[in-house]
Amino acid sequence: MATRRFDPDRRDRIIDAALDVIAAEGVAGASHRKIAARAGVPLGSMSYHFSGMDELLTEAFTRFGTSISDRFDERLGRAVGIDAARQAVVDLIHEDLLDSQRELVLTHELYTLAARKPEFRRITRDWMARSRRALGLHFDPVTCRMLDALIEGLSIHAALDTDAQDTDAQDTDAQDTEPLDPEPHSRARTAEAVARITTTDPTAFDRFREATHE
């Protein structure tokens with residue numbers, strides 16, 4: 001008689017596979033069949049472990065949001081002093097978000113779902129709350145909200161703004177048009193933005209800018 005193979009990690013593999021499929025094809029392109037194939041599990045495992053696609057997506061994006069929040073906690077928890085905290089924010093933006101096309105795609109797929117469905121808004125709300133708590137180890141609440149908005153805004157711009165790479169279009173612009181910034185999302189630009197948001201003393205801003213350019 002056939003017996004069910006013991007596979008305690010199967011559910012976790014399905015969740016990870018769902019994120020992989022979404023990163024490659026978007027939520028619209030994800031299906032039970034594709035995710036099962038990616039996870040290397042029988043198609044019947046999908047309905048065995050999850051009541052439907054919404055439950056699977058909720059689990060997957062919760063895992064994704066938790067992984068990003070864990071990195072916030074780790075980086076900002078290690079930072080000692082305000083300059084180290086500023087540098088941690090810059091590193092979070094560039095090493096954990098902007099430098100990964102996968103992270104950018106998953107973030108925006110989650111935002112799209114959250115705009116329409118309350119259960120996914122809870123995920124983004126919890127993610128933002130954890131991010132602000134981590135930032136709050138070093139900055140006041142108003143500054144935390146501004147930094148959080150900067151992080152979210154930069155991720156959107158990095159994903160959608162192609163002007164920096166579109167040099168052909170720049171060449172054909174009118175003569176009186178302002179030249180495009182060749183590095184609008186560089187670490188130096190981000191460090192400058194973070195310093196401006198978190199600094200009220202202009203000399204402190206200059207010191208931090210000099211330190212990040214050394």
Side-chain angles (χ1 to χ4, degrees), residues 11-36 38-39 46-77 88-161 185 190 193-194 197-198:
R11 193 173 191 276
D12 277 343
R13 291 209 313 277
I14 293 171
I15 293 172
D16 288 339
L19 290 171
D20 290 341
V21 172
I22 293 166
E25 303 189 40
V27 169
S31 68
H32 285 96
R33 188 174 299 278
K34 289 178 182 178
I35 294 169
R38 178 80 181 193
M46 303 298 291
S47 58
Y48 178 82
H49 289 287
F50 303 95
S51 61
M53 184 61 79
D54 273 0
E55 183 187 2
L56 174 54
L57 292 176
T58 299
E59 292 272 1
F61 280 117
T62 297
R63 176 171 296 183
F64 172 66
T66 298
S67 71
I68 299 295
S69 296
D70 287 346
R71 288 180 236 169
F72 268 69
D73 290 345
E74 181 183 357
R75 286 189 183 276
L76 288 160
V89 173
V90 175
D91 291 343
L92 277 166
I93 292 170
H94 283 272
E95 295 178 17
D96 296 339
L97 294 174
L98 299 192
D99 286 354
S100 169
Q101 183 64 23
R102 182 180 189 275
E103 308 280 343
L104 286 173
V105 170
L106 289 173
T107 298
H108 291 93
E109 290 287 339
L110 173 57
Y111 288 166
T112 300
L113 286 172
R116 295 184 291 105
K117 297 186 175 185
E119 60 267 34
F120 295 99
R121 280 198 293 278
R122 284 193 290 271
I123 297 172
T124 57
R125 185 172 61 244
D126 291 346
W127 179 357
M128 286 188 290
R130 277 196 64 187
S131 299
R132 289 172 187 170
R133 282 198 298 271
L135 291 166
L137 296 172
H138 306 280
F139 307 106
D140 64 84
V142 173
T143 301
C144 289
R145 292 183 70 88
M146 295 173 67
L147 286 172
D148 199 29
L150 172 70
I151 293 167
E152 300 297 330
L154 283 175
S155 73
I156 293 172
H157 277 257
L160 303 179
D161 180 10
H185 309 300
T190 301
V194 170
I197 289 172
T198 60

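Quick caveat, the model's predicted, so the values are computed rather than measured. Residues: numbered from 1 along the sequence shown.
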Would you confirm whether [X], through its side chain, and [Y], through its main-chain N or O, come within 3.5 Å as a donor-acceptor pair?
X	Y	value
Thr198	Val194	yes
His94	Val90	no
Arg121	Ala114	yes

For Phe64, all residues meeting ring-ring contact (aromatic ring centres under 6.0 Å, His included), sequence neighbours excluded: Trp127
Considering all heavy atoms, the nearest Ala23-Arg102 contact: CB-CG, 3.7 Å
Side chains of Ile22 and Phe61 in contact at under 4.5 Å (non-hydrogen atoms): yes
Pairs satisfying side-chain hydrogen bond (donor to acceptor under 3.5 Å, both in side chains), at least one member in residues 26-36, at least two apart: Glu25-Lys34
Does a salt bridge link [X] with [Y], judged by any charged N lying under 4.0 Å from a carboxylate O?
X	Y	answer
Asp16	Arg38	no
Asp73	Arg133	no
Glu95	Arg75	yes
Glu55	Arg11	yes

Inter- and intrachain pairs under salt bridge (charged side-chain N to carboxylate O under 4.0 Å, His left out), touching residues 137-151, at least two apart: Arg132-Asp148
